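The structure under discussion appears below in the form of structure tokens.
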Number of protein chains: 2
Amino acid sequence: MTESLATGQRSLGDPAIRFPLWPPLTAGCPETSTAEVAYPVEVDYDYADVSPELFKQPPLPDIARWAPLLPPLHAPTLGEGGTPLVELDGLFVKDESRNPTWSHKDRLNRVTVSAAIGAGAPGVVVASSGNHGASAAAYAARAGLPAIVLGSAESPPVVQDFLRAYGAHVLSVPAAGRWPLMRQIVERLGYHPVSNLTVTHTGHGFGPEGYKTISYELYSQLGQAPAAVFVPTGYAELIYGVWKGFAELRDLGVIADVPRLYSCEPATSGPLAVAFRSGQDTAKVDYRSSDAYSIGASVSGYRGVVALRGSGGQALTLSDEEMAEAQRWMAARGMWAEMSGAASVAGFRQLGRSFDGPVVCVSTSSGLKDKGVGERVPATAEATWESVERLINP
Amino acid sequence: MTESLATGQRSLGDPAIRFPLWPPLTAGCPETSTAEVAYPVEVDYDYADVSPELFKQPPLPDIARWAPLLPPLHAPTLGEGGTPLVELDGLFVKDESRNPTWSHKDRLNRVTVSAAIGAGAPGVVVASSGNHGASAAAYAARAGLPAIVLGSAESPPVVQDFLRAYGAHVLSVPAAGRWPLMRQIVERLGYHPVSNLTVTHTGHGFGPEGYKTISYELYSQLGQAPAAVFVPTGYAELIYGVWKGFAELRDLGVIADVPRLYSCEPATSGPLAVAFRSGQDTAKVDYRSSDAYSIGASVSGYRGVVALRGSGGQALTLSDEEMAEAQRWMAARGMWAEMSGAASVAGFRQLGRSFDGPVVCVSTSSGLKDKGVGERVPATAEATWESVERLINP
């Protein structure tokens, strides 16, 4: 395994401002952030030393294969990444439900739990209603670090068990109290936060680096850059990671252009769409609940507008009906996505335009984690031929 | 994609008896089976034409990469296989929850749904309490074939939704009536059965061929054959597939020896252990329910004794407590297996011996599908520091 070429942290608020690589700036850029807008940091690398062979390898699991362009990976792998690209009726779906905890979040948490270890933290803390929390718990467990998960009582019952499965300390608290409590845990226990601490979303500065590996894999799987990528979007760490990965491939001369990126948010909130369309860096909106609970957000992160502006993309907002319809479309072709994961396919269908090259929709998670799953009890039938006839000719 | 080298079907009851490749003998060997014991068939190949390059490829998803040693793959892929081999404290775990419907069954159903298409069937029918049925429904949906799933009202509520997710016709009927009804569906509608039809288990003759790809991948991932493989076992199609894959690698001169194989059944029933220990080809036992519901079986299949005898292996039976303990051991290291999937790790721990080489446990499915998941509602706490203290120092 090769070494990380990471050289430091850089402000997204002002890319001229740089910081050392350690400690990770878990509350965004201290110089450019204000009381209203928090700007994230990103990781910078010694790109001149990247071997052109790096992008010629097969897209297998364990993101350590991309180690030169990731922060140091101190946490052991659970075999994250290397997810299949599945063609459904000409549309390519990157099936991120094929990760260790069955969502894309594993790519991020390999990196953030590594940061916790590198920083010498005695544990990790995460506020999450689902995938992020379970994934952080799994990587902390694998690394032998204790984890505190601040969950939500509104998460589906299946997801409650999922959060608890890996032996983390899980506390279901009201949403309003989660972030103040998280800050206390960081300050009093010295636990490393692997989710957001700031007024607009910055999250962990190292986290989106893990998502870059999706772009490296897509290049390897397609043998070229896609023309467009549709991405389910909550706080925009994922779409930013996808953007940064392709921007690196372009800057290293591997591909000619970054694909157009399309953020796919629930129409019930959609703060990135508000920020992007109004030319702001971030926005706050009234939060209304969506069945795509994994991507519900009332504040956006600046990373989202960076990805959309940088790629010539667009911010899409999807109704719950559009996402449910996309979820059914995928399931009828053999792939059961979480409703939030189907937002990308819903976005592609809503946009209704063709592209001059492959189109990729990132499907982030499994339908097993959706609202309502396991809450219906099916009717039983008698084992008679008449039951079969009623079933197939209702 | 290269062509299948399949040449025909061969009886396991008497390997001298061969049949043409089509139609698939979905009710076992018609010549050797009796009213008490049904013998399966397997697929034979023109092994002399196998390229030595076949086993030098990276273990990526889509089992069509092993097409020469599989029956013809008429059904489109969902990106099955290529699952990671994850090391947990020196033990290698083959994480089959990383398949399209999050279990090993996808390897089998790519092959059996292909057989249905090859046979010109107008649909597929499957009797299953969970993973097998959902996987068959997904592959049938992908291939555009209707599917009837005869489910069980005893399956966990999450799994009921899973069975229904892919648009199949699902009928929850009492277990006793399932097999007679399945036969009627086969006879009256001409649907192709992708699960068992016989008195002792034979299943689909082509199905275990899909499981062979696990062995090809393990060889590629380890660079050698493991010394031992532990396999969760219900009807023994999986352990037989693993056996056949390694036996082929041995016969082709790729590896020196087949690993020792250990079948891991619930102690509440365990018909393979009864058959193997008493020198019988199959056995029937009283069925008592196990929380590892996916591998509960009251009759064994002859394939299991073939795999154990051929590999110098052993039949292990695990209590629910041993499997639950293994499940916790894995989860505490970041991997949440279905309880049935953890039977392999439980078997390794029960056996308590060391091997001269890598040991692999196949973990078949995700903890999200277990009994009881989603049926507990967690207590909520106030977002206070005292709540955190009670949590971490209970």
Side-chain angles (χ1 to χ4, degrees), chain A residues 58-62 77-79 82 84-86 95 98 100-102 138-139 141-142 148 153 156-158 160-162 165-167 169-174 177-178 180-181 184-185 331-336 366-369 373-383 385 387-388 391-392, chain B residues 58-62 77-79 82 84 86 95 97-98 100-102 138-139 141-142 148 153 156-158 160-162 165-167 169-174 177-178 180-181 184-185 331-336 366-369 373-383 385 387-388 391-392:
Chain A
L60 288 162
D62 185 355
T77 188
L78 289 167
L85 186 65
V86 180
D95 186 3
R98 313 281 295 276
T101 71
W102 314 292
Y139 277 85
R142 180 74 195 94
I148 298 177
V158 170
Q160 301 285 353
D161 283 335
F162 183 37
Y166 300 97
H169 301 294
V170 181
L171 208 57
S172 284
V173 295
R178 275 206 267 176
L181 194 57
Q184 284 191 65
I185 292 166
R333 285 154 186 81
M335 197 183 288
W336 190 29
S366 157
L368 287 164
K369 302 167 185 170
V373 169
E375 292 171 24
R376 289 176 289 270
V377 175
T380 56
E382 290 190 55
W385 182 251
S387 302
V388 173
L391 184 74
I392 59 178
Chain B
L60 288 162
D62 185 354
T77 187
L78 289 166
V86 179
D95 185 3
S97 81
R98 312 281 295 277
T101 70
W102 315 292
Y139 277 86
R142 180 73 194 94
I148 298 177
V158 170
Q160 301 285 354
D161 283 336
F162 182 37
Y166 301 97
H169 301 293
V170 181
L171 207 57
S172 284
V173 295
R178 276 205 266 175
L181 193 57
Q184 283 192 66
I185 293 166
R333 285 153 186 81
M335 197 183 287
W336 191 29
S366 158
L368 287 164
K369 302 167 187 170
V373 169
E375 292 172 23
R376 289 174 290 269
V377 175
T380 56
E382 291 191 51
W385 181 250
S387 301
V388 173
L391 183 74
I392 61 178

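Quick note on labels: first sequence line is chain A, next is B, and so on, each numbered from 1. Please read these numbers as outputs of a predicted model, since none were measured by experiment.
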Leu85(A), part contacting chain B, at a heavy-atom distance under 4.5 Å:
neither
So what's closer than 4.5 Å to chain B heavy atoms on Gln160(A): side chain, backbone, both or neither?
side chain
Heavy-atom cut-off 4.5 Å, strictly under: side chain, backbone, both or neither for Ser387(A) against chain B?
both
Using a cut-off of under 4.5 Å on heavy-atom pairs, state which of Gly82(A), Pro59(A), Ser172(A), Gly367(A) scores highest against chain B.
Ser172(A)
Report the option among Ala165(A), Gly177(A), Pro61(A) that has the most heavy-atom pairs separated by less than 4.5 Å from atoms of chain B.
Ala165(A)
Part of Ala332(A) within contact of chain B (heavy atom distance under 4.5 Å)
backbone
Report which part of Leu181(A) has an atom under 4.5 Å of a heavy atom belonging to chain B: side chain, backbone, both, or neither.
side chain
So Tyr166(A) and Trp336(B), would you call those rings parallel, tilted or perpendicular, with 30° and 60° as cut-offs?
perpendicular
Identify, with sequence neighbours excluded, every residue that meets side-chain hydrogen bond (donor to acceptor under 3.5 Å, both in side chains) alongside Tyr139(A).
Glu80(A)
Report which part of Leu391(A) has an atom under 4.5 Å of a heavy atom belonging to chain B: side chain, backbone, both, or neither.
both
Nearest heavy atoms of Gly334(B) and Ala141(A), plus distance in Å:
N-CB, 4.0 Å
If one checks every heavy atom of Val86(A) against chain B at 4.5 Å, the contacting part turns out to be side chain
Under a 4.5 Å heavy-atom cutoff, which of Met335(A), Gln184(A), Arg178(A) has the most pairs with chain B?
Gln184(A)
